[in-house]
J.: 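I have a structure here, written as structure tokens, and I will follow up with some questions on it.
When a ligand or atom number is given, it counts from 1 through the structure's own listing order. The analysis underlying the following values was restricted to heavy atoms, covering all of them including side chains, and did not include hydrogens, waters or symmetry mates. Residue numbers start at 1 and run along the sequence shown.
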Amino acid sequence: MDNKSKGKELQETLTHKWKNVWEVIDNEEKDKIFQVSEEYKDFLDKGKTEREAAEEIIRLASKNGYIPIEEAIEKQIKLTPGMKIYANNKNKAVALFVLGKEKLEKGMHIIGSHLDAPRLDLKQFPLYEDSELALLKTHYYGGIKKYQWVTLPLALHGVVIKENGEKINIVIGEDEEDPVFFITDLLPHLAKDQMEKKMGEGITGEGLNILIGSIPYNDDEISEKIKLNVLKILNDKYGIKEEDFTTAEFEVVPAGKSRDVGIDRSMVGGYGQDDRVCAFTSLKAILDVENPNKTAVALFVDKEEIGSVGNTSMESRFFENTVSELIGLTEENYSELIVKRALSNSWVLSADTLGAFDPNYPEVLDKLNAPFLGKGVTILKYTGVRGKGGSNDANSEYLSKIRKIFNDNNVIWQMGELGKVDQGGGGTIAYILANYGMEVVDCGVALLSVHAPYEIASKADVYMAYKGYNAFYRA
Ligand code: MN
Ligand code: MN
């Protein structure tokens with residue numbers, strides 16, 4: 001039976017086929033995939049905003065022996081290999097460090113993901129009454145297709161800081177007993193003009209107003225009774241008044257939990273998987289790490305979806321400053337040169353999502369270079385638009401090291417790109433870290449329906465991302 005033809009033998013030796021994870025793993029690993037996906041769904045449900053995700057990361061890190069960097073600075077704790085530190089950037093971004101046996105100066109192994117996701121933010125003076133209904137004005141955040149956000153149960157997640165400084169977290173719409181909110185759409189019977197518009201114009205940004213109430217406050221002396229009744233309910237429950245909205249941060253996200261998708265339960269459907277899928281898998285990977293050679297870092301940043309701007313984003317100096325503090329706590333004599341070396345000698349996986357090949361839309365991807373659901377964690381040499389504009393184009397020398405780490409550790413991986421040449425494109429935080437001279441490559445999970453209220457991931461790919469990140473930290 002082993003009499004293969006010469007051509008067949010040659011074909012097996014010379015050609016490469018990407019593997020479907022489900023076809024090559026054993027039962028033990030299959031069980032692990034389903035175990036990890038339960039933890040993953042729990043993480044998605046607990047962290048539906050960047051603040052909630054950051055809080056959950058810090059909770060899990062603290063439980064696993066990480067101490068806040070402020071404590072190390074205050075007590076002037078001499079940091080030694082194996083110690084675990086976290087740094088919280090304004091409750092929206094986090095960095096976790098496990099100090100390596102080698103000095104920081106030799107470089108770190110960093111995995112960077114982002115915690116923010118496309119959503120609707122409430123405007124700063126949002127509440128109004130019109131035609132016997134109370135509504136909230138919104139401003140969308142990140143790249144959304146506006147038509148996807150109407151007639152969908154929505155939840156309100158927010159932080160309000162009252163004038164006296166008291167901070168209240170408000171979540172309405174996630175508990176099964178909670179009410180939810182909706183943005184209405186036009187009935188098809190009267191939608192003739194709307195349906196003739198381009199898809200991007202059928203629903204407008206100013207039209208994304210959230211329905212929040214319809215019972216009037218019972219008093220004939222006043223106007224805007226429905227608005228007042230909404231304010232009364234908010235005041236009774238949370239002690240807030242209209243002016244408190246002006247300084248609050250309220251995010252509107254799809255209500256409800258993530259779910260298994262498919263009769264075989266092979267996929268996860270849920271909100272905010274871009275990029276909490278990479279946040280979760282890199283978090284899980286670093287929580288496994290004890291006494292690494294190189295310092296292991298999991299970096300979770302904010303504001304990626306609006307261009308990595310602002311003091312909680314990758315463009316901020318937060319990470320660099322944190323590394324400086326660590327050098328101050330590990331070296332006898334602090335010098336900026338050591339910080340620069342620590343940064344430039346580092347290796348990075350820029351952990352972010354991309355669109356997987358979708359048979360409903362085959363025209364936007366080159367099948368030869370597109371990632372597929374279920375074929376493992378995806379490596380992207382480059383992102384960008386047009387002629388690789390804005391891309392961190394990873395170096396061959398570094399790519400080959402990542403390939404070897406993955407192959408040596410039986411990580412199922414595939415190569416991917418964002419889309420067909422000139423079809424569109426995008427970017428990640430990769431180029432920002434590359435500015436320090438670090439070696440950087442994009443490496444994450446391919447999803448279906450990226451940026452939609454519910455995105456879809458393969459549980460096999462989630463698991464392989466975790467396994468790959470784990471191997472990277474251990475290398
Ligand atoms: Mn992303
Ligand atoms: Mn995105």
Side-chain angles (χ1 to χ4, degrees), residues 40 43-44 47-50 52-54 57 92-94 110-121 140-146 148-149 251 253-254 258 268-283 298-310 312-315 348-356 358 364-365 370-371 373 377-385 390-392 394 416-419 423-434 440-458 461-462 465 468-469:
Y40 173 47
F43 181 82
L44 286 178
K48 291 183 78 169
T49 65
E50 71 285 8
E52 292 169 0
I57 288 165
K92 294 178 177 180
V94 186
I110 304 165
I111 303 179
S113 61
H114 66 92
L115 299 179
D116 60 322
R119 60 181 189 249
L120 305 178
D121 287 340
Y140 67 93
Y141 171 98
I144 65 161
K145 290 162 106 176
K146 298 174 192 99
Q148 293 175 336
W149 289 75
E251 300 180 13
V253 300
S258 52
V268 171
Y271 167 70
Q273 298 193 69
D274 172 12
D275 184 28
R276 294 177 201 133
V277 63
C278 296
F280 165 78
T281 45
S282 57
L283 171 68
L299 190 52
F300 309 92
V301 296
D302 180 32
K303 299 285 187 282
E304 193 277 341
E305 297 293 358
I306 58 167
S308 292
V309 288
T312 54
S313 77
M314 193 65 251
E315 290 275 19
V348 181
L349 296 182
S350 163
D352 208 340
T353 63
L354 71 163
D358 184 339
V364 299
L365 281 149
L373 223 63
V377 62
T378 302
I379 296 176
L380 294 93
K381 185 179 187 296
Y382 52 84
T383 58
V385 291
S391 167
N392 159 69
E417 63 176 8
L418 294 187
Q423 186 70 47
T428 64
I429 61 168
Y431 74 95
I432 307 165
L433 288 158
V440 187
V441 67
D442 282 293
C443 176
V445 177
L447 307 173
L448 292 173
S449 305
V450 175
H451 281 204
Y454 292 90
E455 302 168 306
I456 294 169
S458 158
D461 299 341
V462 175
Y469 296 159

J.: Can you tell me if an N/O/S atom from E305 lies under 2.8 Å from the Mn ion (ligand 2)?
T.: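 It does: E305 brings an N, O or S atom closer than 2.8 Å to the Mn ion (ligand 2).
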J.: Any N/O/S of D352 under 2.8 Å from the Mn ion (ligand 2)?
T.: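 No N, O or S atom of D352 is closer than 2.8 Å to the Mn ion (ligand 2), so no.
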J.: Check L380 against L354 and note the closest heavy-atom contact, atom names and distance.
T.: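 Reported closest heavy-atom pair: CD2-CD1, 3.6 Å.
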J.: Would you call E50-R119 a salt bridge at under 4.0 Å N-O?
T.: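 A salt bridge is present here (some side-chain N lies under 4.0 Å from a carboxylate O).
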J.: Give a yes/no answer: is there an N/O/S atom of H114 under 2.8 Å from the Mn ion (ligand 2)?
T.: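 Checking H114: none of its N, O or S atoms is under 2.8 Å.
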J.: Can a donor-acceptor pair be found, under 3.5 Å and without considering hydrogens, that links the side chain of S391 to the backbone of T383?
T.: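 The answer is yes, because a donor-acceptor pair under 3.5 Å joins these two groups.
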J.: Below 4.5 Å, heavy atoms only, C-beta onward: do L283 and F43 meet side chain to side chain?
T.: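 Heavy-atom side-chain distance check passes, below 4.5 Å.
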J.: Can you tell me, to 10 degrees, how wide the angle at the Mn ion (ligand 2) is between NE2 on H451 and OD2 on D274?
T.: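 That angle is 90°.
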